[in-house]
Amino acid sequence: MQPEIYKIIRTDRKTIALQITEDGRLIVKAPLKVSDEKIMEVVLKHKRWIESKIKEVLSRDPKAGKKEFVNGESFLYLGRFYKLYIVENQEEPIRFENGFFLSKKFLPYAREVFIAWYKEAALEKISQRVEFYAKKAGLKYGRIRITDAQRRWGSCSGNNLNFSWRLIMAPLSVIDYVVVHELVHLEEKNHSKSFWTKVKVLMPDYQKHHRWLKENGHLLRL
């Protein structure tokens, strides 16, 4: 039985890529002129991998990553879990000090408060990392924007860089990988051999951070 393709996305990319969504569906990204027959040939060639990844995704705990805003719940920040404490008599909605301290009066809006905190932290930290790697690579960029994207960790639009606030939950080395990835896109608009060569120059061990996102990206959510 051949794998079922949920969606084929054709762009000016040069290679065929296979992606398994968080609900276990297969998406194929293909060059504009590649035939359906060639796509199916690639899908069948990777049938075992596709089935394995779909099984892995569907076997995950459906509650993984979904949080309850109660005392003792753990929340990710820079790759580490920190406990939540609901506190009285705190003026600011949320405070971080080796743990998250949420004002009880803001408990009804806890998710919005957390997202606002994560967004602010993401803008500060990611801006620092972009500046660091841009100087290292001799690259110039425009604006940095923090987005609500759930799975598109970063993107490059013209000379502007976009990053999901959810990245701030990941280890710093993983954030650095996404930053490097998008900075290199300022010069290389597709994932060519030249693109990956430039990524490797800036981050020789980028593959393990890329793999971490593939395997753990489902945890970066509220």
Side-chain angles (χ1 to χ4, degrees), residues 11-14 17 19 29 65 74-82 92-102 111-222:
T11 63
D12 60 355
R13 62 183 295 126
K14 294 183 179 180
Q19 176 188 343
K29 297 178 181 179
S74 295
F75 290 83
L76 273 169
Y77 172 54
L78 293 177
R80 288 184 56 193
F81 284 100
Y82 294 92
E92 65 256 68
I94 192 168
R95 176 172 57 90
F96 178 80
E97 193 175 310
N98 203 34
F100 289 99
F101 295 82
L102 179 68
R111 189 171 187 276
E112 291 80 5
V113 167
F114 257 91
I115 290 174
W117 188 91
Y118 275 136
K119 283 183 174 181
E120 186 176 340
L123 181 59
E124 181 180 357
K125 181 62 68 176
I126 291 172
S127 295
Q128 292 171 1
R129 306 314 291 166
V130 169
E131 180 68 16
F132 173 80
Y133 280 103
K135 283 184 177 178
K136 189 174 181 179
L139 294 169
K140 294 188 181 297
Y141 60 93
R143 190 164 59 99
I144 296 172
R145 190 169 68 95
I146 301 301
T147 74
D148 287 310
Q150 293 190 35
R151 291 288 292 180
R152 192 170 190 184
W153 310 117
S155 62
C156 176
S157 306
N159 69 335
N160 296 321
L161 304 173
N162 309 304
F163 299 95
S164 170
W165 61 262
R166 291 170 172 81
L167 263 183
I168 198 63
M169 299 184 198
L172 186 60
S173 57
V174 174
I175 295 174
D176 282 354
Y177 160 67
V178 179
V179 165
V180 167
H181 188 114
E182 300 312 326
L183 279 170
V184 173
H185 271 317
L186 293 173
E187 290 188 333
E188 303 285 343
K189 299 304 181 184
N190 54 41
H191 295 104
S192 62
K193 185 177 180 180
S194 176
F195 170 85
W196 291 113
T197 298
K198 290 181 179 181
V199 169
K200 192 168 186 177
V201 168
L202 288 170
M203 180 173 278
D205 61 347
Y206 78 88
Q207 289 177 320
K208 72 178 183 181
H209 308 307
H210 175 76
R211 188 164 57 249
W212 190 96
L213 268 180
K214 289 270 188 183
E215 295 173 357
N216 300 285
H218 65 285
L219 296 175
L220 308 185
R221 63 167 71 171
L222 283 180

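Residue pairs satisfying the ring-ring contact (aromatic ring centres under 6.0 Å, His included) criterion with at least one member in residues 148-178, sequence neighbours excluded, are listed as follows: Tyr118-Trp165, Tyr177-His181, Tyr177-His210. Listed by first and then second residue, the salt bridge (Lys or Arg N to Asp or Glu O under 4.0 Å) pairs involving residues 152-175 amount to none (not counting sequence neighbours). Residue pairs meeting the salt bridge (Lys or Arg N to Asp or Glu O under 4.0 Å) criterion with at least one partner in residues 119-128, sequence neighbours excluded, are Lys119-Asp148.
Listed here is the closest heavy atom pair of Leu183 and Val130: CD1-O, 3.9 Å. The two residues Ile175 and Ile168 make their nearest non-hydrogen contact at CD1-CA, 4.1 Å. What you find for Val113 and Pro93 is that their closest heavy atoms are CG1-CB, 3.7 Å. The heavy-atom pair separating Ser164 from Ala149 by the smallest distance is OG-O, 2.7 Å.
Between Phe75 and Phe114, the angle of the ring planes stays under 30°, which puts this pair in the parallel group of the 30/60° scheme. His185 and Phe195 have parallel rings, their planes meeting at less than 30° on a 0 to 90° scale where 60° marks the start of perpendicular. The aromatic rings of Tyr82 and Phe100 stand perpendicular to each other, their planes meeting at an angle above 60°, with 30° marking the opposite boundary.
Other residues, nucleotides and ligands place more than 12 heavy atoms under 6.0 Å from the NZ atom of Lys189. The neighbour count for Gln150 CD, taken as heavy atoms of other residues, nucleotides or ligands under 6.0 Å away, does not exceed 12.
In this view, Lys208 and Asp205 satisfy the salt bridge (Lys or Arg N to Asp or Glu O under 4.0 Å) rule, not counting sequence neighbours. Here Arg211 pairs with nothing under the side-chain hydrogen bond (donor to acceptor under 3.5 Å, both in side chains) rule; sequence neighbours left out. Residues passing the salt bridge (Lys or Arg N to Asp or Glu O under 4.0 Å) test with Lys198 are Glu187, Glu188, sequence neighbours excluded. With sequence neighbours excluded, no residue forms a ring pair (Phe, Tyr, Trp, His ring centres under 6.0 Å) with Phe81. Looking at residues two or more places apart in sequence or on another chain, you find a side-chain contact (heavy atoms from CB on, under 4.5 Å) between Asn159 and Leu186. With sequence neighbours left out, Thr147 forms a side-chain hydrogen bond (donor to acceptor under 3.5 Å, both in side chains) with no residue at all. For Arg111, the salt bridge (Lys or Arg N to Asp or Glu O under 4.0 Å) test picks out no residue, with sequence neighbours left out. Take Ser74 and apply the side-chain hydrogen bond (donor to acceptor under 3.5 Å, both in side chains) test, not counting sequence neighbours, and it matches no residue.
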Under 3.5 Å, which donor-acceptor pairs do the side chains of residues 133-144 form with other protein atoms, sequence neighbours left out?
from, atom 1, to, atom 2, distance (Å)
Tyr133, OH, Asp176, OD2, 3.3
Tyr141, OH, Glu131, OE1, 2.8

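Here the side chains of Leu213 and Val174 are in contact, with some heavy-atom distance below 4.5 Å. You'll find the side chain of Leu220 stays beyond 4.5 Å of the side chain of Asn216, heavy atoms only. Met169 has its side chain within reach of Leu222: a pair of non-hydrogen atoms, C-beta onward, lies under 4.5 Å apart. Two residues are said to be in side-chain contact when any heavy atoms from C-beta on lie closer than 4.5 Å; Arg13 and Asn190 fail this criterion.
Between the CG atom of Leu172 and the NE2 atom of His209 there is a distance of 9.5 Å, given to the nearest 0.5 Å. Summarising the geometry, atom OG belonging to Ser127 is positioned 9.5 Å from atom CG belonging to Leu161; distances are rounded to the nearest 0.5 Å.
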